[in-house]
Amino acid sequence: MKAIEQIVAGYVSLKDRQALEKLRHHRQQLLDDVQMHTIPGFKPSIVSDILREEIEVIEGALARIDEDRP
């Protein structure tokens with residue numbers, strides 16, 4: 001299990017939607033920053049792909065929390 005999956009699982013078990021939203025916002029900011037800057041020898045596509053995957057994991061968790069609401 002990836003670290004982000006463990007973190008997200010912890011927030012889901014606590015039903016902490018706000019923490020998940022903050023985490024998603026943070027990852028989105030990182031993704032935006034990576035895409036805006038170019039550094040010689042740095043491959044932003046690798047980091048961008050990882051961040052996109054993490055955002056998907058977080059969004060899936062948010063959807064699960066929404067499904068569990070009465």
With Glu56, which residues qualify under side chain to side chain contact (heavy atoms under 4.5 Å, CB included), at least two apart?
none
For Glu21, check salt bridge (charged side-chain N to carboxylate O under 4.0 Å, His left out) against everything at least two apart and list the hits.
Arg17
Co-members of Ile7 in a cluster of I, L, V, M, F, W and Y side chains, linked at under 4.5 Å:
Ile4, Val8, Tyr11, Val12, Leu20, Leu23, Val57, Ile58, Leu62, Ile65
For Glu53, side chain to side chain donor-acceptor pair (under 3.5 Å) partners two or more places apart
Lys2
As an exercise, state the distance from CG of Leu31 to CZ of Arg24, rounded to the nearest 0.5 Å.
13.5 Å
Side-chain heavy atoms of Pro44 within contact of Gln35, under 4.5 Å
no
Please identify each residue that fulfils side chain to side chain donor-acceptor pair (under 3.5 Å) with His25, with sequence neighbours left out.
Gln29
Partners passing side chain to side chain contact (heavy atoms under 4.5 Å, CB included) against Ile46 (at least two apart in sequence or in another chain):
Lys43, Ile50
Tell me who clusters with Met36, hydrophobic residues only, linked when side chains sit under 4.5 Å apart either directly or through other members.
none
Sequence neighbours excluded, every pair satisfying salt bridge (Lys or Arg N to Asp or Glu O under 4.0 Å) that has a member inside residues 25-42
Arg27-Glu54
